[in-house]
K.L.:
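Pasting a structure here, questions to come.
Both backbone and side-chain heavy atoms feed into the values below; hydrogens, waters and symmetry mates do not.
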Amino acid sequence: MSAEEIISKIAEEVSVCTNCALHESRKKSVPGEGPANAEIMFIGEGPGFHENEQGRPFVGAAGKFLDQLLAQAGVTRADVFIGNVVKCRPPGNRDPLPEELAACDIHLEAQIKAINPSIIVTLGRFSMNKFIPGAKISAIHGQMRRVGDRFVIPMFHPAAALHQAALKPAILADFAKLPNQLKEARAALGKNDVVDKKKEEAVQPAEKLKQLSLF
Ligand code: URA
């Protein structure tokens, strides 16, 4: 199965998942979205009201802010995979419970394995704690560190930065560092060849024909 097929299959499984009680109150599950070969994966907390309605991640106010932050880093949603540690909305936007995080982890792990991103950006403490247990976000935000086969960058949750104005400069500065951190991660993982291949694939068919006709 291709990575794309695996990602679609996980989304199907998530839509009928009953591994925890969150399925009882969900309207739509939110498996996450983005290319199956994304180099960067953003992992938030869980769906809120709007995400539960639409079945898509980060479509409310925090999502609009995330779009701005991505634009500032020179990337769009089409370039990255965006998911969450829990795929169904905790009622009233409460924090996800340990048993919900544990039950949903099988889906997130399967997504990470299929996508194999160079960088995982964690948004908020629940996502950060999966990779860096016990860490303090205020101490380590924006700092990239190697975790196994990839790099993890903990960042503040965009919703937190929206509600606490004091966090906004920090999250802006952290996102601004992302392009250079991606270069660093690629070099350390020996993935520069992957980038060249992607660039080649991105050449439009007409342009490819033109290139061929030069010979
Ligand atoms: N907050 C999250 O953590 N995830 C979403 O998908 C939306 C808001």
K.L.:
Please name the residue in the list M128, M41, M155 that meets the side chain to side chain contact (heavy atoms under 4.5 Å, CB included) test with V121.
P.N.:
M155
K.L.:
In Å, rounded to the nearest 0.5 Å, how long is the span from CG of D149 to CG of N116?
P.N.:
7.0 Å
K.L.:
Taking atom CD1 as the centre, does I106 end up with more than 12 heavy-atom neighbours from other residues, nucleotides or ligands that are less than 6.0 angstrom away?
P.N.:
no
K.L.:
Restricting to non-hydrogen atoms, name the atom on H107 and the atom on I10 that form the minimum distance, rounded to 0.1 Å.
P.N.:
O-CG2, 4.1 Å
K.L.:
In Å and rounded to the nearest 0.5 Å, what is the CD1 to CE distance from I6 to M1?
P.N.:
5.5 Å
K.L.:
Do other residues, nucleotides or ligands put more than 12 heavy atoms under 6.0 Å from the NZ atom of K177?
P.N.:
yes
K.L.:
Evaluate the criterion side-chain contact (heavy atoms from CB on, under 4.5 Å) for residue pair I120 and I153; output intermediate values, then yes/no.
P.N.:
CA-CA 6 Å; I120 289 177; I153 309 173; over 6 Å; no
K.L.:
Does K191 form a salt bridge (charged side-chain N to carboxylate O under 4.0 Å, His left out) with E39? I'd like the steps, not just the answer.
P.N.:
CA-CA 10 Å; K191 282 194 176 174; E39 286 188 282; over 6 Å; no
K.L.:
Go through it in stages, so that I can follow the logic: the residues are R186 and L182, the test is side-chain contact (heavy atoms from CB on, under 4.5 Å), and I'd like the CA-CA distance, side-chain angles, deciding distance and then a yes or no.
P.N.:
CA-CA 6 Å; R186 281 172 183 159; L182 181 57; 3.5 Å; yes
K.L.:
Measure from the side-chain N and O atoms of R26 to the backbone N and O of S15, and report whether any donor-acceptor pair falls under 3.5 Å.
P.N.:
yes
K.L.:
Between P158 and A62, what is the shortest heavy-atom contact and its length?
P.N.:
CB-O, 3.7 Å
K.L.:
Flag yes if F65 and V30 sit in one hydrophobic cluster, no otherwise; membership is Ile, Leu, Val, Met, Phe, Trp, Tyr, and two members link when side-chain heavy atoms are under 4.5 Å apart.
P.N.:
no
K.L.:
Quick check for you: to the nearest 0.5 Å, what is the distance between Q164 atom CD and F156 atom CZ?
P.N.:
8.5 Å
K.L.:
To the nearest 0.5 angstrom, please state how far the CG atom of D105 sits from the CD1 atom of I112.
P.N.:
7.5 Å
K.L.:
With the threshold set at 4.0 Å, does a side-chain nitrogen-carboxylate oxygen contact exist between E13 and K9?
P.N.:
yes
K.L.:
Considering residues, nucleotides and ligands other than E53, do more than 12 of their heavy atoms fall under 6.0 Å from its CD?
P.N.:
yes
K.L.:
Please report the shortest heavy-atom distance between L97 and R94, naming the atom on each side.
P.N.:
CG-NH1, 3.6 Å
K.L.:
Determine all donor-acceptor pairs shorter than 3.5 Å in which one atom belongs to a side chain in residues 77-89; sequence neighbours excluded.
P.N.:
residue, atom, partner, partner atom, Å
R77, NE, D67, OD1, 2.7
R77, NH1, P57, O, 3.1
R77, NH2, F58, O, 2.4
R77, NH2, D67, OD1, 3.3
D79, OD2, T76, N, 2.8
D79, OD2, T76, OG1, 3.3
N84, OD1, E45, N, 3.1
N84, OD1, G46, N, 3.4
K87, NZ, N84, O, 2.8
K87, NZ, Q111, OE1, 2.7
R89, NE, N93, OD1, 2.9
R89, NH2, N93, OD1, 3.1

K.L.:
Taking all heavy atoms of P90 and all of P47, pick out the closest pair and write down the distance.
P.N.:
CD-O, 3.7 Å
K.L.:
Please evaluate residues K130 and I43 with respect to the criterion side-chain contact (heavy atoms from CB on, under 4.5 Å), reporting the C-alpha separation (whole Å), side-chain torsions for both, the decisive distance (0.1 Å), and the verdict.
P.N.:
CA-CA 10 Å; K130 170 175 168 59; I43 306 179; 5.9 Å; no
K.L.:
Run F175 and L66 through side-chain contact (heavy atoms from CB on, under 4.5 Å) and show every step you take.
P.N.:
CA-CA 10 Å; F175 267 78; L66 178 61; 3.9 Å; yes
K.L.:
Hey, what do you get for CD1 (I7) to CD (E33), rounding to the nearest 0.5 Å?
P.N.:
12.0 Å
K.L.:
With a cut-off of 3.5 Å and sequence neighbours excluded, list every side-chain donor-acceptor pair involving residues 140-148.
P.N.:
residue, atom, partner, partner atom, Å
H141, ND1, D174, OD1, 3.4
H141, ND1, D174, OD2, 2.6
Q143, NE2, A139, O, 3.3
R146, NE, G148, O, 3.1

K.L.:
Measure across S118 and R150 and return the closest heavy-atom pair with its distance rounded to 0.1 Å.
P.N.:
O-CB, 3.5 Å
K.L.:
Flag yes if L101 and F131 sit in one hydrophobic cluster, no otherwise; membership is Ile, Leu, Val, Met, Phe, Trp, Tyr, and two members link when side-chain heavy atoms are under 4.5 Å apart.
P.N.:
yes
K.L.:
Ignoring hydrogens and angles, tell me if any N or O in the side chain of N52 forms a donor-acceptor pair with the backbone of K27 under 3.5 Å.
P.N.:
yes
K.L.:
For residues V59 and F49: do they belong to one hydrophobic cluster (side chain heavy atoms under 4.5 Å, members Ile, Leu, Val, Met, Phe, Trp, Tyr)?
P.N.:
no
K.L.:
Rounded at 0.5 Å granularity, tell me how far CZ in F42 sits from CG in L69.
P.N.:
8.5 Å
